[in-house]
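These numbers come from the heavy atoms of this one structure, side chains and all, not from hydrogens, waters or symmetry mates.
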Amino acid sequence: MTRAYDPHSIEEKWQAVWESEGLYSVSEDASRPKKYVLEMFPYPSGDIHMGHVRNYSIGDVIARFSTMRGMNVLHPIGWDAFGLPAENAAIKSNTHPATWTYANIDKQAASFKRMGFSYDWDRTVKSCDVDYYRWGQWIFLKFWERGLVERKSSPVNWCPSCATVLANEQVIGEGVCWRCKSVVTKRELEQWYFKITEYAQELLDDLDALPGWPERVKTMQANWIGRSEGAEVDFALCDEAGEPTDTTITVFTTRPDTLFGCTFFLLAPEHPLVHELTHGTVYAADVQKVVAAAARETAVERASGEAEKLGAFTGRYVVNPVNGEKVPVWVSNYVLMEYGTGAVMAVPCGDQRDFEFARMYGLPIPPVVVAEDDPLLEQVREARERVLADVPWAEAYDGPGVMVQSGEFTGMPGGKASTGMRAVTEWLEARGQGRFSINFRLRDWLISRQRYWGNPIPAVHCPACGLLPVPEDQLPVVLPMDVDITKGETLADHPEFYETTCPKCGGAARRETDTMDTFTCSSWYYFRYCDARNSDALFGRDAADYWMPVDQYIGGIEHAILHLLYSRFFTKVFADMGLTSAREPFTNLLTQGMVKKDGETMSKSKGNVVAPEDMIARYGADALRAFILFMAPPDKDLDWNQDGLEGMFRFLGRLWRYVAELAEGPDGANAASDGASALPDEAAKALVRERHRVVGKVTDDVEHFGFNTALSAMMELLNAAGEYRRAASPELRDLALEREVAEVLTLLIAPYAPHMAEELWRNVLGHATSVHREPWPTWDPAQAAADEVEVVVQVNGKVRGRVVVPADASEDVLREAALAEPHVREHTEGRTVRKMVVVPGKLVNVVVG
RNA sequence: GCCCGGGUGGCGGAAUUGGCAGACGCGUCGGUCUCAAAAACCGAUGGCCGAAAGGCCGUGCGGGUUCGAUCCCCGCCCCGGGCACCA
C-alpha cells in the first residue's frame with residue numbers, strides 16, 4: 001500500500017537533515033558561475049505574514065533553481081534589527097528593546113526555517129549586534145573623511161508620533177511619516193546629514209545601466225532626483241531709497257529666455273533676508289502675516305499646492321540684469337526655501353503660479369514668449385521694447401514660441417532648452433550676472449534620529465575643539481543597555497554615555513547622543529553577507545569582488561526610492577573608497593506585489609490576517625510556498641484564497657501518488673524494468689513530447705519569473721502522464737518512460753516543494769544524494785515538436801474547421817487541405833475565393849466574396 | 001492636473017505580443033467506487049438559440065487599421081499606484 005502524502009512527517013525531518021549536511025552553506029568557488037540571490041532585509045517583527053511567505057518563496061525558488069542550473073548560489077538572510085517598533089513595544093510591555101528584538105529574531109527565524117528556505121544561516125547578521133553596527137560607525141567615519149558628512153541647521157521633517165526627525169524620502173504621500181503615517185511638521189533643527197546630493201548626477205545617470213530594474217522604479221528614482229537644467233541669475237538688491245547696491249540675490253530658473261517678462265521677485269517666507277529687509281519698516285506687519293501663515297501651514301497643505309497663495313510687498317526692489325528694470329520684491333508662501341535658492345524671479349506670462357499671483361495682486365503680465373499660432377503674435381512680433389504690458393490670456397503659456405519684447409533677443413525661439421534660453425544665459429555669463437546651472441530636487445539625507453534603539457553616531461562635541469569624529473581605534477561606540485526605555489529615556493538622558501573626554505585635547509566633552517537612521521543599517525548589509533564573520537574589516541575585497549553585485553534582488557515596491565536609493569549611494573561611495581569594483585548593488589530587481597485579503601491589506605486592526613503558521617499546520621510549507629506562487633505573477637497584488645491552497649495540496653498529493661505508485665511498481669514489482677520492449681505507440685510519443693515541452697517551458701518560465709505558469713505546466717505534464725497510463729494497455733506500458741517522467745516532475749517541483757521533492761527523490765525513488773544538488777533536467781526542442789499539427793481553417797476570419805497535417809506541410813498542401821475540409825466547403829460553396837492567408841503550422845484563412 | 005500600471009468566465013489567472021480567447025487551478029454540476037459519507041478517480045462547465053448538427057454574441061465602452069485585433073492606432077469610462085506650488 002502506497003504511503004499517502006503527509007507533509008508533517010517529512011518537512012521538519014528534511015529541514016534537520018539539510019542543516020546537518022550543510023546543504024546550503026556556500027563559499028567562493030572560481031570553477032562555477034556565481035549567483036547572488038537576495039530578498040530584502042526583514043525587520044524582525046516576530047510574526048511572519050503572507051507578504052514574507054511570498055517574498056522569500058520567490059527568492060528561494062530562484063536560488064534553488066539557479067543551484068540546479070549549475071551556479072554557485074549565495075542566498076543569505078539576516079535581520080534589520082534596530083528601529084522604533086522595538087522601542088515602542090518595549091515601552092508598552094516594560095521590557096528592553098534588545099530582549100524584544102532577540103526574542104522576535106528567534107521566533108521569526110524558526111518560522112523561516114519551517115518554510116524550508118535555503119539560506120546559508122552561517123552568514124546571518126543582526127544589525128543590533130555590536131559586531132555588525134561597529135562597521136556602520138566605521139562607514140560613518142570614512143564618509144566624514146571624504147567630506148560626505150555634514151552637521152547643519154535647517155528646516156526638517158518632524159514626526160510628532162515617532163518623536164524624531166525624518167529624511168525627505170521618509171515623508172510619503174500627502175506629507176506623512178512612512179512608518180506610522182502621522183502628519184509630519186517642520187522644525188528648524190541642527191542635524192547630521194549624509195551628502196547624497198554629491199552623487200545626484202551619478203545616481204541619475206546610472207539608472208540607464210540597470211536594464212534589469214522595472215521601468216517604474218527607475219522612473220520614480222529619476223523623478224525623485226529631479227534634475228533641472230537652467231541658469232542662475234543674479235539680481236542686484238536696491239537699498240531703501242531704491243538705489244542699486246553691491247548685494248545680489250541669486251535665483252535658479254529653467255527659463256532664462258523669459259527674463260524680460262520678470263515683473264516681480266519673490267522670497268520664501270523662511271528666507272533669511274525677509275526679516276532683514278522689512279524689519280522696522282511699514283511693510284513689516286503685512287510681511288509677518290504671510291510668514292506666520294506659512295509657518296502654520298501643515299506639510300500636507302503646503303505640498304498639495306492647494307494652499308491659497310499669499311503675498312506681501314517688502315518695500316524693496318531688485319534690478320533685472322537684462323533690462324535694468326527695477327522689480328518689486330514680494331514674499332509668498334508658494335516659494336519653497338528647500339528648492340533652488342529660496343528666491344524666484346516671477347514671470348507671470350510663462351508660469352501659471354506667477355500668473356495667478358500677478359492677477360491676485362494686480363501686477364503686470366507682459367508677454368515675452370508667444371506661441372506661433374497665437375493671434376497675439378502679430379501685434380508684438382517686431383517689438384523689442386515693451387509695448388504690451390498685459391496679456392489677454394486666461395492662463396500662462398509655458399510652451400515653445402517666439403521671444404518678443406525682449407530687446408536684442410526678440411525673434412529668437414524661446415522655451416525650455418531653446419536657443420533663446422542659451423543665448424540669454426551666455427549674455428549673462430559674459431557680464432558675470434548669471435551662469436548655466438543644474439538643480440536637483442534631491443536633498444541631503446538626514447541621518448540622525450533622537451531615539452535610543454539605533455546605531456550611536458560616533459562623534460564628540462568638545463567645547464574647545466568643536467565637533468570631532470571618534471577615532472577609528474576607539475570604535476565601537478557601544479549602545480548602553482541600562483537605559484530605562486519605559487521612562488522614555490534616550491542617550492541624551494544618560495550621563496554615563498555622553499560624558500566623555502575630547503579625543504584631541506583630552507578635556508571634558510560630550511558624546512553625540514543621536515543614533516543613525518535605520519536605513520543606514522540596511523544600506524550595506526548585502527556587502528557584509530559576502531564576508532559576514534570578518535572581524536578585521538567590513539568585508540574582504542576578494543569575497544566582495546567574487547559575490548557582488550547582487551544578481552537578483554527581491555522586495556516590495558515601497559522601497560522604490562528609500563532603501564534602493566540609499567543602497568545605490570552607499571555602493572558608489574564604497575567604490576570610490578576602493579572597497580569594491582561594483583558601482584551598482586543590485587543588477588536585477590523584482591518588486592513583488594502585496595498579499596491582500598478581500599481586496600484590503602491584511603492588518604491586525606482589520607482582523608483579516610491569515611497566519612502562515614496556520615496554513616503550514618494544515619497543508620504543510622510546500623503547498624503554501626507553491627500556492628502563493630501559483631496564485632498570480634509575482635509582481636502583481638494578489639488576494640488570498642484558501643480554497644486554492646487546498647487545490648495545490650491536492651496537486652502535490654496527486655504528484656506524490658504518481659511517483660510513489662510507480663516506484664513501487666504495479667503489484668509491488670520494481671518499476672525500473674526495461675521499457676524498451678514496449679511499443680512506442682502514439683500515446684507514448686505524446687507523453688515524450690509533453691515531457692520535453694514542459695521542461696522547456698518550466699525552465700523558460702522560471703527565468704522570466706513565470707512561477708504560476710511553470711506550475712501549470714507541471715500540472716499539465718502530470719495530467720498527460722495520467723492520460724498515458726489510462727490509454728496504454730497494462731502489458732505495453734513503458735515503465736522506463738513513466739519513471740523518467742516521475743523523476744523529471746520531482747526535479748521540476750523541487751524548488752517549489754523542496755521537502756516533498758527530497759522525500760520522493762531520496763526515499764521513494766531511492767537516490768543517495770539530495771535532489772537539491774541534482775542538475776536541472778535537460779530537454780530537446782526537437783522531441784518537444786509534434787510531427788503532426790492541427791491547423792485552424794477560417795472563412796472570412798471565422799473558424800469553420802480544423803485539419804490535421806504534417807508539421808512541415810507546405811503552404812500548397814495547407815491550401816488544398818483547407819479547401820477540402822467539408823465544413824469549410826459549405827461556407828465557400830458558390831462564392832469566389834479572393835485570397836488565402838496561410839500561416840504554416842497555425843492557420844489558413846480563406847477570404848471569399 | 002501630470003506620469004506609469006491595469007480592466008479577459010462565478011473566482012484566481014493563461015494566451016510564445018497580430019493567428020483556435022479562456023491553458024492550469026478554484027468553484028459548481030453530473031458520474032464511478034461505497035451500506036453511507038469522506039477521500040480518490042472520470043466527465044461537463046463563457047453567454048444566448050438549438051434535440052442535435054450547428055449558429056450568433058463575447059477580452060471596460062465607442063470608432064479605426066487589417067484577411068484576421070485581448071494584442072496596434074484614435075477618443076472615452078472605471079480601478080490601482082507614483083508625483084504634484086520644484087521656479
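The side chain of A:His704 places no N or O atom within less than 4.0 Å of a non-bridging phosphate oxygen (OP1 or OP2) of B:U16. One finds a side-chain N or O of A:Lys798 lying less than 4.0 angstrom from the OP1 or OP2 phosphate oxygen of B:C57. Proximity of A:Ser228 to the phosphate of B:A87: a side-chain N or O atom is located under 4.0 Å from OP1 or OP2. Note on A:Arg353: a side-chain N or O is less than 4.0 Å away from OP1 or OP2 of B:C86. Contact annotation: A:Asn708 side-chain N/O to B:A14 OP1/OP2 distance is under 4.0 Å. OP1 and OP2 of B:G27 both lie 4.0 Å or more from every side-chain N or O belonging to A:Asn641. When the side-chain nitrogen and oxygen atoms of A:Lys416 are compared with OP1 and OP2 of B:A87, one or more of them lie within a distance under 4.0 Å. Of the side-chain N and O atoms in A:Arg650, one or more sit less than 4.0 angstrom from OP1 or OP2 of B:G27.
The separation between A:His827 atom NE2 and B:C67 atom C1' is 17 Å, rounded to whole Å. In this structure, A:Arg726 atom CZ and B:G43 atom C1' are separated by 11 Å, rounded to whole Å. For the pair A:Glu646 CD and B:G27 P, the interatomic distance rounds to 7 Å; values are reported in whole Å. Atoms CZ (A:Phe627) and P (B:G13) sit 10 Å apart, rounded to a whole Å. For the pair A:Leu629 CG and B:G12 P, the computed distance is 19 Å after rounding to whole Å. Following rounding to the nearest Å, A:Lys697 (NZ) and B:C24 (P) show an atom-to-atom distance of 12 Å. Spacing between atom OH of A:Tyr752 and atom C1' of B:C24 amounts to 14 Å, rounded to whole angstrom units. Put simply, CG on A:Asp398 is 13 Å from P on B:C2, counting in whole angstrom units.
Proximity note for A:Met631 (side chain, C-beta onward) versus B:G82, B:G12, B:C26: the nearest is B:G12. Here the side chain of A:Arg441 is nearest to one of B:A84, B:C67, B:A87, namely B:A84. When distances are taken from the side chain of A:Pro633 to each of B:C24, B:G13, B:G82, the shortest belongs to B:G13. Across B:A15, B:G19, B:C20, the shortest atom-to-atom separation from the side chain of A:Glu790 is found for B:C20. Between B:C24, B:A40, B:G27, one nucleotide has an atom nearer to the side chain of A:Arg657 than all others, and that is B:A40. Of the listed nucleotides (B:C67, B:C4, B:G13), B:C4 has the atom at the smallest distance from the side chain of A:Arg216.
When Watson-Crick and G-U wobble pairs are counted only if both distances are under 3.5 Å, B:A36 pairs with no nucleotide at all. Of all nucleotides present, none satisfies the Watson-Crick or G-U wobble test against B:U59 with each distance under 3.5 Å. Across all strands shown, B:G25 forms a Watson-Crick or G-U wobble pair, both distances under 3.5 Å, with B:C11. Across all strands shown, B:G1 pairs with B:C83; the Watson-Crick or G-U wobble distances both stay below 3.5 Å. Remark: B:G30 base-pairs with B:C42. Criterion, Watson-Crick or G-U wobble with two distances under 3.5 Å. Pair assignment for B:G68 gives none, since no Watson-Crick or G-U wobble pairing has each distance under 3.5 Å. The partner of B:G50 is absent, by the rule that a Watson-Crick or G-U pair needs both atom distances under 3.5 Å.
Backbone-only contact: A:Thr253 has heavy atoms under 4.0 Å from sugar-phosphate atoms and none from a base. Among the protein residues, A:Asp351 comes within range of no part of the nucleic acid, since none of its heavy atoms lies under 4.0 Å from any strand. Within 4.0 Å of A:Asp354, counting heavy atoms only, lies no atom of the nucleic acid at all. Contacts of A:Val847 with the nucleic acid, taken as non-hydrogen atoms under 4.0 Å apart, involve only primed sugar atoms and P, OP1 or OP2. Residue contacts shown for A:Gly647 are limited to sugar-phosphate atoms, with no base heavy atom under 4.0 Å away. A:Arg800 comes within contact range of the sugar-phosphate backbone alone, with a heavy-atom separation under 4.0 Å but no base atom that close. Contacts of A:Gln794 with the nucleic acid, taken as non-hydrogen atoms under 4.0 Å apart, include base atoms.
Classification of the A:Trp330-A:Tyr361 ring pair by plane angle, with boundaries at 30° and 60°, yields tilted. A perpendicular orientation is assigned to the rings of A:His823 and A:His827, their planes being inclined by more than 60° (bins at 30° and 60°).
For residues 254-265 of chain A, the salt bridge (charged side-chain N to carboxylate O under 4.0 Å, His left out) pairs, not counting sequence neighbours, are A:Arg255-A:Asp257.
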Requested in this report: Kindly indicate, with the supporting measurements, whether the criterion side chain to side chain donor-acceptor pair (under 3.5 Å) is fulfilled by A:Ser228 and A:Asn439.
Outcome: CA-CA 5 Å; A:Ser228 294; A:Asn439 215 322; over 6 Å; no

Query raised in the report: Yes or no on ring-ring contact (aromatic ring centres under 6.0 Å, His included) for A:Phe627 and A:Trp640, after CA distance, side-chain angles and deciding distance?
Result: CA-CA 10 Å; A:Phe627 177 58; A:Trp640 179 255; 5.6 Å; yes

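A donor-acceptor pair shorter than 3.5 Å cannot be found between the side chains of A:Gln642 and A:Glu646.
Distance check on atom C1': B:G9 versus B:G5 gives 24 Å, rounded to whole Å. Here, B:G22 and B:U16 have their P atoms 13 Å apart, quoted to the whole Å. B:C4 and B:G12 have their C1' atoms separated by 25 Å, with the value rounded to a whole Å. For the C1' atom pair drawn from B:A39 and B:C48, the interatomic distance equals 38 Å after rounding to whole Å. For B:C57 and B:A21, the P atoms lie 13 Å apart once the distance is rounded to whole Å. Taking the P atom of each, B:A51 and B:G62 are spaced 31 Å apart, rounded to whole Å. Taking atom C1' on both B:A15 and B:G63, the two are 26 Å apart, rounded to the nearest angstrom.
When atom types are taken as modelled, the side chain of A:Lys218 and the backbone of A:Leu210 share a donor-acceptor pair closer than 3.5 angstrom. Judged purely by atom type and a 3.5 angstrom limit, A:His271 uses its side chain to pair as donor or acceptor with the backbone of A:Leu273.
Between A:Phe264 and A:Phe357, the ring centre distance stays below 6.0 Å.
Classified by its glycosidic torsion, B:U17 falls in the syn category, the angle being within 90° of 0. In this entry the base of B:G9 is syn relative to its sugar, with a glycosidic angle within 90° of 0.
With A:Trp779 as the aromatic partner, A:Arg691 does not meet the cation-pi criteria of under 6.0 angstrom to the ring centre and within 45 degrees of the ring axis.
At a cut-off of 3.5 angstrom, the base of B:C20 holds at least one donor-acceptor pair with the side chain of A:Arg802. If you check distances only, the side chain of A:Asn845 does reach the base of B:C67 with a donor-acceptor pair under 3.5 Å. Between the side chain of A:Lys842 and the base of B:C20, no donor-acceptor pair under 3.5 Å is found.
Taking the nucleotide of RNA chain B with the nearest heavy atom to each of A:Leu638 and A:Met648, the more 5' of the two is matched to A:Leu638.
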